[in-house]
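Remember, it's 1-based here, ligands and their atoms both numbered in the order they're listed. From a predicted model like this one, the values you see are computed outputs, not experimental measurements.
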Amino acid sequence: MANLLRISGLTVGYRTSRGMVRALDDVDLELGSEEFLAVVGESGCGKTTLGLSIIGLLPPRSAKVTSGSIDYKGVDLAKLDPNEMRRYRGSEVAMIFQEPLTSLNPLVRVGDQIAEAIVLRRQRKGSDQRTVGEVMQRLYRTDKSGFSRWPRLRSKIPRDLRDQVIEWLNLVRIPDPGQVIERYPFELSGGMRQRVMIAMALSQEPALLVADEPTTALDVTTQAQVLRLMKEIKDKLGTSILLVTHDLAVASQVADRAIVMYAGRIAEDSNIYDLFSSPLHPYTQGLLSCMPTGTKEGSNLKPIPGSIPDLTLEAVGCRFQPRCPRAMDVCLQKDPTLMNVKEGHKAACFLYER
Ligand code: SF4
């Protein structure tokens, strides 16, 4: 599988009143074309920062990439300025967020929002010379002062665009898309809104889709439907997907491979089967023992004691050591690096040092 994305030594810090928080520390990872990679770990382990770094949406005032590179098709995304990054965001790398209600424009019909995304893509590809403003003036009412985003009573999406919008909504299995394009985001259920977000992201035909906890706000049935949809889309369109989730069960349902993050570092990197059948890192083993299985009657969940370390402090030794049931003397002195333990299975732990 050829690599689409290669991240090397990525370190990202956030300026806070207590000092610099190292949200990512020397992270290396590769993502192949058409691969479904899950990034899992507790809240605060750096997985969302990883997704935001790839798409160039880190908060500019507080966050900083201090070192490392994000090589996407030979271009280092970490070095691009905001204008250059706009050429990649959406068209090459798209992102869907946890809560679509805060990502969609509440004042614009969902059909118009997807249409706007399609116009932008056509412009980038040079297949439509009209500006977004020219097309959008047909979608929104204009007044004497010029452009206004107040919508018309009914959406006036041009015929060719309307067909495409409906096509994308069909792809994400929205029932009766002809009606749905006339709806505002608040008129749709959480699952439908998330499907609209996925349709909008996919309408850009990105090679890489970063999905940040896309199913966390959904009920279990809708979550399963959205996950199945993402898997189908990956198989059908050949889009690589990087799924950020705290839920190992979600990762197990869809991902080909998973990386487990802890305190801004990668603790384990493995194909999904080996990660669940023979986890190596004590942190992964701890996460799995916290997972409800629903099969063993009377068995208790075993939470990992303690909490993630203060990332403003310089780490000495293994970051997981205060919580690790298998800690050794060396773990207090040195920080383990990610090492190959088996074919395609890496762990950052001295238990596997030869
Ligand atoms: Fe535990 Fe040591 Fe491995 Fe860290 S390096 S996970 S403390 S055994």
Side-chain angles (χ1 to χ4, degrees), residues 7-14 19-30 37-50 66-68 244-252 255 257-293 299-354:
I7 295 178
S8 310
L10 187 65
T11 302
V12 176
Y14 288 97
M20 195 67 140
V21 171
R22 261 191 196 207
L24 292 181
D25 191 357
D26 201 17
V27 167
D28 295 327
L29 82 88
E30 290 172 355
L37 173 70
V39 180
V40 295
E42 285 168 283
S43 297
C45 69
K47 47 193 195 312
T48 293
T49 299
L50 179 64
T66 50
S67 62
V244 169
T245 177
H246 65 275
D247 191 340
L248 277 165
V250 164
S252 71
R257 189 163 67 90
I259 62 168
V260 180
M261 293 194 67
Y262 185 75
R265 304 287 298 262
I266 294 181
E268 189 159 352
D269 179 341
S270 165
N271 70 62
I272 203 77
Y273 178 77
D274 286 347
L275 191 83
F276 279 81
S277 61
S278 50
L280 297 174
H281 198 283
Y283 177 56
T284 315
Q285 292 164 357
L287 285 179
L288 289 173
S289 61
C290 306
M291 254 179 85
T293 60
S299 60
N300 291 328
L301 300 179
K302 292 190 202 123
I304 305 172
S307 54
I308 54 169
D310 183 347
L311 297 179
T312 56
L313 304 175
E314 194 66 40
V316 180
C318 172
R319 286 155 199 237
F320 189 58
Q321 176 273 327
R323 306 172 76 184
C324 181
R326 302 177 69 186
M328 305 168 284
D329 288 346
V330 64
C331 311
L332 284 165
Q333 292 144 21
K334 290 199 290 180
D335 193 8
T337 52
L338 201 61
M339 57 194 106
N340 263 316
V341 181
K342 289 192 275 178
E343 174 80 32
H345 198 159
K346 300 178 189 168
C349 177
F350 291 122
L351 290 171
Y352 307 99
E353 201 171 51
R354 292 180 197 116

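Protein N/O/S atoms nearer than 2.8 Å to atom 1 (Fe) of ligand 1 total 1.
Listed by chain and residue number, Arg265 satisfy the side chain to side chain donor-acceptor pair (under 3.5 Å) test with Asp335 (two or more places apart in sequence, or in another chain). By the side chain to side chain donor-acceptor pair (under 3.5 Å) test, Ser270 is found to be paired with no residue, residues two or more places apart in sequence or in another chain being considered.
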Taking distance alone, no hydrogens or angles, what donor-acceptor pairs closer than 3.5 Å link side-chain atoms of residues 305-315 to residues at least two apart or in another chain?
| residue | atom | partner | partner atom | Å |
| --- | --- | --- | --- | --- |
| Asp310 | OD1 | Thr312 | N | 2.9 |
| Asp310 | OD1 | Thr312 | OG1 | 2.6 |
| Asp310 | OD2 | Arg18 | NH1 | 3.2 |
| Asp310 | OD2 | Thr312 | OG1 | 3.3 |

Could you go through Glu42 and Arg323, starting from their C-alpha distance and side-chain angles, then the distance that decides it, and tell me whether this counts as salt bridge (charged side-chain N to carboxylate O under 4.0 Å, His left out)?
CA-CA 14 Å; Glu42 285 168 283; Arg323 306 172 76 184; 3.2 Å; yes
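Classification of the Phe320-His281 ring pair by plane angle, with boundaries at 30° and 60°, yields tilted.
Counting heavy atoms from C-beta outward, Asp25 and Arg319 have side chains that approach closer than 4.5 Å.
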